[in-house]
Amino acid sequence: GENVEQHPSTLSVQEGDSAVIKCTYSDSASNYFPWYKQELGKRPQLIIDIRSNVGEKKDQRIAVTLNKTAKHFSLHITETQPEDSAVYFCAASNSGRYSGGGADGLTFGKGTHLIIQP
Amino acid sequence: DVKVTQSSRYLVKRTGEKVFLECVQDMDHENMFWYRQDPGLGLRLIYFSYDVKMKEKGDIPEGYSVSREKKERFSLILESASTNQTSMYLCASSLAGTGGYEQYFGPGTRLTVT
């Protein structure tokens, strides 16, 4: 099965600086790579995702890069703000494996606790 | 707006009890999932379903079963609860299709087995 490794487990950055979280995956059949943000006591929410036919995707201060050859993808947050403080999870799945497009569930990394220092 | 609801936010059960966790989504999603979340371990997939009456094992299915009799409802069953099943349980749903789609999570059920 798929295995996703995420680093670092904790990341502390000064407000306004950039933060980078890195993940690797093991299954070359994985083709969908979302990132979720989870604030304390709340449900995970998608912040950005990327599919295997794309190398990079950006949404305002957030960007994700994917290197299929190295089986590596990263989350970049620029100009960090206090509200960026949360736990971030990367994940991978093989979508469309089943009849009708049903997807595998996500395999998550163990999470990165991002702390924004004022 | 997608809404995924779970039957309980907190649940306390005794060892050996049969436990039912219910999840309902209102967006006509084909896929539904059950995860458990433990500190330091992230989210781990228990079971998922891509159609009514269809189910697939995830990474940690032992001790659990599921039921999907209607498209909008996906139930997780602990046949005989044990203390190592104390955890946060999260349900999610998504559209089906190649390329992958966002999974929307419910608020979670914090289950304590004593």
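Lettering follows sequence order; numbering is per chain, from 1. These figures come from a predicted structure and were not determined experimentally.
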When B:Pro39, B:Gly106, B:Gly108 are compared by non-hydrogen pairs under 4.5 Å with chain A, the top option =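 Among B:Pro39, B:Gly106, B:Gly108, the one with the most close pairs to chain A is B:Gly106.
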Take atom NZ in A:Lys22; do more than 12 heavy atoms of anything else shown fall under 6.0 Å from it?
->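 Result for NZ/A:Lys22: open.
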Are any non-hydrogen side-chain atoms of A:Leu11 and A:His113 less than 4.5 angstrom apart?
->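 The answer is no, as the side chains (C-beta and beyond) never meet within the 4.5 Å cut-off.
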Report yes if some heavy atom in the side chain of B:Gln103 is under 4.5 Å from a heavy atom in the side chain of B:Tyr35; otherwise report no.
->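 The answer is yes, as the side chains (C-beta and beyond) meet within the 4.5 Å cut-off.
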List the atom of B:Ser65, the atom of B:Glu79, and the distance in Å for their closest heavy-atom pair.
->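 Distance-wise, the nearest heavy atoms are OG-OE2, 3.2 Å.
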B:Leu90 versus chain A, the contacting section by heavy-atom distance below 4.5 Å =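 B:Leu90 touches chain A through side-chain heavy atoms alone.
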Could you look at B:Glu102 and say if it's the side chain, the backbone, both or neither that has a heavy atom under 4.5 Å from chain A?
->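 Both the backbone and the side chain of B:Glu102 come within 4.5 Å of chain A.
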Can you name the residues of residues 33-46 of chain A that have some heavy atom under 4.5 Å away from a heavy atom in chain B?
->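 Checking residues 33-46 of chain A against chain B gives A:Tyr36, A:Gln38, A:Gly41, A:Arg43, A:Pro44, A:Leu46.
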What residues of residues 73-85 of chain A sit under 4.5 Å from chain B when only non-hydrogen atoms are counted?
->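 The residues closer than 4.5 Å to chain B amount to none at all.
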Quick check: does any side chain N or O of A:Thr112 sit under 3.5 Å from a backbone N or O of A:Pro8, one acting as donor and the other as acceptor?
->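 Yes.
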Under the salt bridge (charged side-chain N to carboxylate O under 4.0 Å, His left out) rule, what pairs show up with a residue in residues 63-73 of chain A, not counting sequence neighbours?
->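 For residues 63-73 of chain A, and leaving out neighbouring residues, there are no salt bridge (charged side-chain N to carboxylate O under 4.0 Å, His left out) pairs at all.
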Rounded to the nearest 0.5 Å, what separation is found between the [atom1] atom of [X] and the [atom2] atom of [Y]?
X       : Y        : atom1 : atom2 : answer
A:Tyr32 : A:Ser52  : OH    : OG    : 12.0 Å
A:Phe89 : A:Thr107 : CZ    : OG1   : 13.5 Å
B:Met27 : B:Ser94  : CE    : OG    : 12.0 Å

Checking ring-ring contact (aromatic ring centres under 6.0 Å, His included) for the pair B:Tyr101/B:His29: CA distance, chi angles, key distance, verdict?
-> CA-CA 10 Å; B:Tyr101 288 91; B:His29 284 172; 8.9 Å; no
In the hydrophobic clustering (ILVMFWY, side-chain contacts below 4.5 Å, transitive), which residues join B:Leu21, or is it alone?
->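 Its cluster partners, ordered by chain and number, are B:Leu11, B:Val19, B:Met32, B:Trp34, B:Ile46, B:Tyr47, B:Ile60, B:Tyr64, B:Val66, B:Phe74, B:Leu76, B:Leu78, B:Tyr89, B:Leu111, B:Val113.
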